[in-house]
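Since the structure comes first, as structure tokens, the remarks are kept for the end.
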Amino acid sequence: MRHMVSALVFLFLLLTSAAFSNSAKPLVMQRTWEPREQAFSFLLPKGWTMEGGVFNVNPLQMNGPGNTITPKCDLVVKADPKGSVMLRWAPGWNYADLSLSPAGWGTFRPGMHYQGMPVRPVVGARQFLTELFKSMRPQATDIKVVAEDPMPEIATAYARRAELINQNLQKMGLAPTRFEALALVFEYREAGEHFREVLSTTIADARGGAFMWSNDDTIAFRAPAARFADWKPALDSIRASRQPNPQWVAAVTKASGERTKAALETQRYIANVANQIVENRRRTHAEMRHEQWLFISGQEEYTNPFNGRTERDTSHYRYRWVNNQGDVIYTDENSFDPNAIEEYKTREWKRTPIRKR
């Protein structure tokens, strides 16, 4: 029940702390490829820009292979050059913590590298996110944490994926890998403007079996505090719309072997869990009705007219249109029809009805 209450408070603060307003201008979301390797696609508001993308770590530069198992991603999408409204997929890194090894820290101290991993004592999710925030926003002042969510479903999902590995570790008398997920909501001032920013991550503590720990699924998104509730539906759509490129996944798997395949499968599994977090909470807390949660979280379920699938998306706008390429347009105007507008009529658009109850 404590998790349920904290999650409700978290979402309530996000959804109600800014004035709700409906814009007459439609929001056009275009399915866009990750720019460097087309590793995945996602919905991006029309006119936004991207910086960064997928990259590979050179083991020679890191003194070992500990961060070369899978490609990494550091991608920022933003509404304007200064990133007043933006989202960042931050890279996950493997760190070495030798405190549980038979020889202890030995000659490897924080700041050095061990098997390609920066040597750093494990930290909790709160400390990790706080340090990440400070590194991203060095000019921020009046910093406050106004809400948090431990996201127990995400930690549980990671633990389920690691069950077999943990069973083998325990048979050998070693500590299992443990997971801690957390989202923090910061408010602060930067260059005279008041911002709200959400940072989330999952810390995987694998010191018992591999003398390492890592941050996974680390995301940050922000907007001016006065309009955060207006921008949050678009930011949520970007975050939830990420779809891996099967050809890229196959190529990476072939190049890097089964360990890469397992890591990528875990990433896809966790992303799917995150997208279905509402349903997980409905099952975990049976006393909460699904419809009530959709309302509280500002979401609705739609039926895609092209494939018949149910799609969960923001309820911030009254009408939602899609085409067969996966692009989406949101609007509050009943008379709006993208098929009648020259700018959009290169594709057939259909309005997505709310799923029949």
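None of the values given here were measured: they were computed from a predicted structure. Basis for what follows: all heavy atoms, side chains included, without hydrogens, waters or symmetry-related copies.
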> What pair of heavy atoms forms the shortest contact from Leu27 to Ala234, and how long is it?
Replying inline: CD2-CB, 3.8 Å
> Looking at Trp93, is Lys72 sitting on its ring face, NZ or CZ under 6.0 Å from the six-membered ring centre and within 45 degrees of the normal?
Replying inline: yes
>> Do Leu75 and Phe42 make a side-chain contact, defined as non-hydrogen atoms from C-beta onward lying under 4.5 Å apart?
In response: yes
> Would you say the side-chain atoms of Glu163 and Gln167 include a donor-acceptor pair closer than 3.5 Å?
Replying inline: no
> Does Arg351 CZ have over 12 foreign heavy atoms under 6.0 Å away?
Replying inline: yes
> For the residue pair Pro224 and Ser84, what are the closest heavy atoms and their distance?
Replying inline: CD-O, 3.4 Å
> Rounded to the nearest 0.5 Å, what separation is found between the CG atom of Asp236 and the CZ atom of Arg312?
Replying inline: 12.0 Å
>> Quick one: does any side-chain atom of Asp217 pair with a main-chain N or O of Thr202 as donor and acceptor, under 3.5 Å?
In response: no
>> Working note: Phe306 + Glu348, criterion side chain to side chain contact (heavy atoms under 4.5 Å, CB included); need CA distance, chi angles, decisive distance, verdict.
In response: CA-CA 10 Å; Phe306 289 97; Glu348 179 187 9; 4.3 Å; yes
> Would Asn304 and Glu311 count as having a side-chain donor-acceptor pair, cut-off 3.5 Å?
Replying inline: yes
> Counting only N and O atoms by type, is there a donor-acceptor contact under 3.5 Å from the side chain of Arg137 to the main-chain atoms of Ala140?
Replying inline: no
> Below 4.5 Å, heavy atoms only, C-beta onward: do Met62 and Asn67 meet side chain to side chain?
Replying inline: yes
> Would one find more than 12 heavy atoms of other residues, nucleotides or ligands at under 6.0 Å from atom NZ of Lys46?
Replying inline: yes
> Hey, any chance Trp231 and Met50 share a hydrophobic cluster, counting ILVMFWY side chains that come within less than 4.5 Å of each other, even indirectly?
Replying inline: yes
> How far does CG of Asp337 sit from OH of Tyr319, to the nearest 0.5 angstrom?
Replying inline: 12.5 Å
>> Keeping Asn166 on the side-chain end and Pro176 on the backbone end, is there a donor-acceptor pair under 3.5 Å?
In response: no
>> For Leu44 and Gln30: C-alpha separation, side-chain torsions, deciding distance, then whether side chain to side chain contact (heavy atoms under 4.5 Å, CB included) applies.
In response: CA-CA 5 Å; Leu44 185 68; Gln30 298 176 314; 5.6 Å; no
> Where the side chain of Asp230 meets the backbone of Lys232, is there a donor-acceptor pair that is under 3.5 Å apart?
Replying inline: no
> Considering all heavy atoms of both residues, which atom of Leu87 and which atom of Ile238 are nearest to each other, and what is their separation?
Replying inline: CD1-CG2, 4.2 Å
>> A cation-pi test, strictly: NZ or CZ of Arg222 under 6.0 Å from the centre of the six-membered ring of Phe228 and no more than 45 degrees from its axis. Yes or no?
In response: no
>> Between Tyr330 and Asp313, is there a side-chain donor-acceptor contact under 3.5 Å, judged purely by atom types and distance?
In response: yes
> For the atom pair CG (Leu43) and CD (Gln243), what is the distance rounded to the nearest 0.5 Å?
Replying inline: 8.0 Å
>> Quick check against the 3.5 Å criterion: does Gln127 have a side-chain atom that pairs as donor or acceptor with the backbone of Thr130?
In response: no
>> Membership question, hydrophobic clusters at under 4.5 Å side-chain separation (ILVMFWY): are Ile341 and Val328 in the same one?
In response: no
> Heavy atoms, side chains only, cut-off 4.5 Å: are Phe195 and Glu193 in contact?
Replying inline: yes
>> Check for me, please, whether Val28 and Val77 land in the same ILVMFWY cluster - side-chain distances under 4.5 Å, paths through other members count.
In response: no
>> Using a 6.0 Å cut-off, check whether atom CG of Leu174 has over 12 heavy atoms from anything other than its own residue.
In response: yes
> Arg126 and Glu180: side chain to side chain contact (heavy atoms under 4.5 Å, CB included), yes or no, with the steps?
Replying inline: CA-CA 10 Å; Arg126 173 179 282 274; Glu180 180 193 9; 5.7 Å; no
> Where is the tightest heavy-atom contact between Pro118 and His113, given as atom of each residue plus distance?
Replying inline: N-CD2, 3.8 Å
> After noting the C-alpha distance and the side-chain angles of Asp205 and Phe179, does the key distance pass the side chain to side chain contact (heavy atoms under 4.5 Å, CB included) rule?
Replying inline: CA-CA 6 Å; Asp205 181 356; Phe179 303 93; over 6 Å; no
>> Is any side-chain heavy atom of Asn168 closer than 4.5 Å to one of Leu164?
In response: yes
>> Considering only residues two or more places apart or on different chains, which pairs with a residue in residues 124-151 satisfy ring-ring contact (aromatic ring centres under 6.0 Å, His included)?
In response: Phe133-Phe186, Phe133-Tyr188
> Any donor and acceptor pair, going by atom type alone, linking the side chain of Asp97 with main-chain N or O of Val122 inside 3.5 Å?
Replying inline: yes
>> Would the distance check show the side chain of Thr352 and the main-chain N or O of Tyr302 forming a donor-acceptor pair, the cut-off being under 3.5 Å?
In response: no
>> With heavy-atom distances below 4.5 Å as the criterion, would you say the side chains of Ser99 and Arg207 are in contact?
In response: yes
> What heavy-atom pair brings Met136 and Ala220 nearest, and what distance separates the two atoms?
Replying inline: CE-CB, 3.8 Å
> Is there a donor-acceptor contact under 3.5 Å from the side chain of Asp332 to the main chain of Tyr317?
Replying inline: no
>> I'd like to know if the side chain of Asn215 reaches the main chain of Pro91, judged simply by a donor and an acceptor atom lying under 3.5 Å from each other, with no hydrogens or angles considered.
In response: yes
>> Can you confirm whether or not the ring centre of Trp89 sits under 6.0 Å from the ring centre of Phe40?
In response: yes
>> Counting C-beta onward and ignoring hydrogens, is there a side-chain heavy-atom pair between Val322 and Arg320 closer than 4.5 Å?
In response: yes
> Any link between Ile354 and Trp321 through a network of hydrophobic side chains (Ile, Leu, Val, Met, Phe, Trp, Tyr) touching at under 4.5 Å?
Replying inline: no
> Just wondering, do Val76 and Met86 contact through their side chains at under 4.5 Å, heavy atoms?
Replying inline: yes
>> Applying side chain to side chain donor-acceptor pair (under 3.5 Å) to Arg31 and Ser41, what does each step give before you reach the verdict?
In response: CA-CA 6 Å; Arg31 185 147 290 278; Ser41 66; 2.9 Å; yes
>> Under a 3.5 Å threshold, yes or no: a donor from one side chain and an acceptor from the other, between Thr201 and Asp216?
In response: no
>> For Tyr95, does the six-membered ring have the charged nitrogen or CZ of Arg120 within the cation-pi criterion, i.e. under 6.0 angstrom from the centroid and within 45° of the normal?
In response: yes
>> If only side-chain N and O atoms count, and only distance matters, is there a donor-acceptor pair under 3.5 Å linking Glu37 with Trp248?
In response: yes
> Roughly how far apart are Lys350 NZ and Thr303 OG1, rounded to 0.5 Å?
Replying inline: 13.0 Å
> Counting N and O atoms only, with roles assigned by atom type, does the side chain of Ser214 sit under 3.5 Å from a partner on the main chain of Asn94, one being a donor and the other an acceptor?
Replying inline: no
>> Which residue in the set Ile219, Leu132, Thr218 passes side-chain contact (heavy atoms from CB on, under 4.5 Å) when paired with Arg88?
In response: Leu132
> Rounded to the nearest 0.5 Å, how far does NE2 of His316 lie from CZ of Arg318?
Replying inline: 10.5 Å
> Below 4.5 Å, heavy atoms only, C-beta onward: do Phe336 and Pro26 meet side chain to side chain?
Replying inline: yes
>> Can you tell me how far apart CD (Glu197) and CD (Glu190) are? Round to the nearest 0.5 Å.
In response: 8.5 Å
>> Looking at every non-hydrogen atom in both residues, tell me the closest pair between Ala183 and Met151 and how far apart they are.
In response: N-CE, 3.9 Å
>> Tell me whether Ile329 shares a hydrophobic cluster with Trp48, the cluster being built from Ile, Leu, Val, Met, Phe, Trp, Tyr side chains joined at under 4.5 Å.
In response: no
